[in-house]
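These notes are about the structure you will find just below.
Counting convention: from 1, in listed order, for ligands and their atoms alike. All values below were derived from every heavy atom in this structure, side-chain atoms included, with hydrogens, water molecules and symmetry-related copies excluded. Positions are given from 1, in the same order as the sequence printed here.
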Amino acid sequence: LLSVLSTACEDCLYMQSFFNIYEQKDRVTEKPDFNEEIYSIEFIDVSFKYPKTEKNIIDRLNMKFVKGKNYAIVGENGSGKTTIIKLLNGLYDEYEGNILINGIEIREIDKKSLRNCLATLFQDYNKYQFTIKENIGFGSIDNLDDIEKIKYSAKKGGADQFINCLPNNYTQQVGYWFEGGTQLSGGQWQKLGLSRLFMKNADCLILDEPTASLDPFSELEIFKQLYQNSNEKINIIITHRFINTVFANKIIVLKNGEIIEKGKHDELLKQDGFYKDMFDIQSRGITLN
Ligand code: ADP
């Protein structure tokens, strides 16, 4: 009885979140759609704190992303990297300053249309207890039955090889919730998440630690795929691995929500600052003394 009561109590809390989201939905549907090809994304003096935090998590941030360039955002844990991505995806409207896409403030755009032109893979991406085909196809619901597109996305996400080794290939049930399901490794789930991203023909790809669970071969392959045709897109990659920043056109270094350094890999090494310190620690490798 106690267990049932506590579950009921917990479910009621979720219901409140549901109503909160439901109310927001009404508010945003009144805004105009955004259907343009993205050529620039700009943060102008953006400051932000979460509803329950006191100090700014993002502090007077100014940066610009333009079509055809690859960007890397680096910084210690808690420096605000993921928060930037959440803001860009329109998850919070209560920021100071402006976030502009093609010069249009994103608060003034319909959220659904905004997210349609961004392909974002968050660090805690979804692992759906469905088939492989559905796990990838959910990136573009309208193309859920387009197996050729799903296979193409799987190849770009580096998932095709392991899928071809599964007993039922693309119709293989994954996870252990349902009968006949097979559990995947962390790296394989990550490849599915990446493949899902490529289902969308988005102008801007945003990846939060996209290769954290991948082996070095798979990682290299993913970055090759990302940088291919990158002159048509904006790629923004949050990473802790400096092997991924070397080829970025611009690296943005964050500390406590502020940009402390920016530039190319070589330029930042020459500056001999925080980036170089982080790079040195990683490139030095492990020593026991
Ligand atoms: P990073 O991606 O650089 O590791 P985050 O953007 O996830 O950092 O978090 C930055 C700071 O914001 C952290 O101090 C974190 O505790 C805080 N934070 C993140 N999400 C929330 C939230 N939903 N509510 C309150 N504080 C949060």
Side-chain angles (χ1 to χ4, degrees), residues 10 13-25 28 41-63 65 70-99 106-107 111 114-115 118-127 186 190 193-194 197 204-214 219 226 234-245 248 250-263 265 268 273-279 281-282:
E10 199 179 319
L13 293 174
Y14 285 119
M15 285 310 289
Q16 187 55 51
S17 305
F18 169 74
F19 288 125
N20 289 346
I21 289 173
Y22 210 72
E23 277 165 23
Q24 288 217 345
K25 206 172 164 199
V28 294
I41 297 173
E42 200 169 1
F43 281 63
I44 302 175
D45 269 330
V46 175
S47 297
F48 172 74
K49 55 181 156 204
Y50 286 100
K52 286 179 188 156
T53 52
E54 282 183 9
K55 79 178 201 13
N56 279 347
I57 299 293
I58 297 295
D59 207 19
R60 283 164 291 133
L61 206 68
N62 286 289
M63 56 187 179
F65 306 100
N70 298 305
Y71 297 87
I73 304 180
V74 299
E76 294 170 307
N77 292 337
S79 55
K81 304 181 295 294
T82 305
T83 304
I84 291 176
I85 304 310
K86 290 184 195 165
L87 291 177
L88 185 52
N89 273 272
L91 297 186
Y92 297 92
D93 274 346
E94 301 75 20
Y95 52 85
E96 287 169 33
N98 293 100
I99 304 175
I106 63 166
R107 276 183 287 230
K111 297 282 188 263
L114 167 73
R115 287 170 205 147
L118 306 171
T120 308
L121 183 66
F122 282 101
Q123 227 172 351
D124 50 351
Y125 57 90
N126 283 322
K127 296 172 181 168
Q190 194 154 32
L194 279 161
L197 206 70
C204 177
L205 292 179
I206 305 163
L207 301 110
D208 195 347
E209 282 293 339
T211 54
S213 312
L214 300 189
E219 185 172 38
L226 271 179
I234 300 175
N235 287 325
I236 305 174
I237 295 154
I238 293 179
T239 183
H240 285 117
R241 295 181 45 80
F242 290 90
I243 188 105
N244 302 334
T245 60
K250 191 184 247 182
I251 302 161
I252 294 159
V253 187
L254 275 188
K255 194 169 187 182
N256 299 329
E258 286 180 63
I259 297 179
I260 52 167
E261 290 164 23
K262 54 183 167 187
H265 177 73
L268 291 178
F274 190 67
Y275 180 85
K276 173 136 189 318
D277 287 348
M278 288 196 293
F279 178 78
I281 289 174
Q282 220 173 77

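A donor-acceptor contact closer than 3.5 angstrom links the side chains of Tyr50 and Thr83.
The shortest distance between side-chain heavy atoms of Thr245 and Tyr275 falls below 4.5 Å. Using a 4.5 Å heavy-atom threshold, the side chains of Thr120 and Arg115 count as separate. For the pair Asn89/Ile206, a side-chain contact is recorded, criterion being any heavy-atom separation below 4.5 Å from C-beta on.
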Worksheet entry | Verdict with reasoning, Phe43 to Ile84, per side chain to side chain contact (heavy atoms under 4.5 Å, CB included) | CA-CA 9 Å; Phe43 281 63; Ile84 291 176; 3.7 Å; yes
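Ring planes of Phe65 and Tyr71: perpendicular class, angle over 60° (limits at 30 and 60°).
In this structure, ligand 1 sits under 4.0 Å from heavy atoms belonging to Tyr50, Thr53, Ile57, Glu76, Asn77, Gly78, Ser79, Gly80, Lys81, Thr82, Thr83, Lys86, Tyr92.
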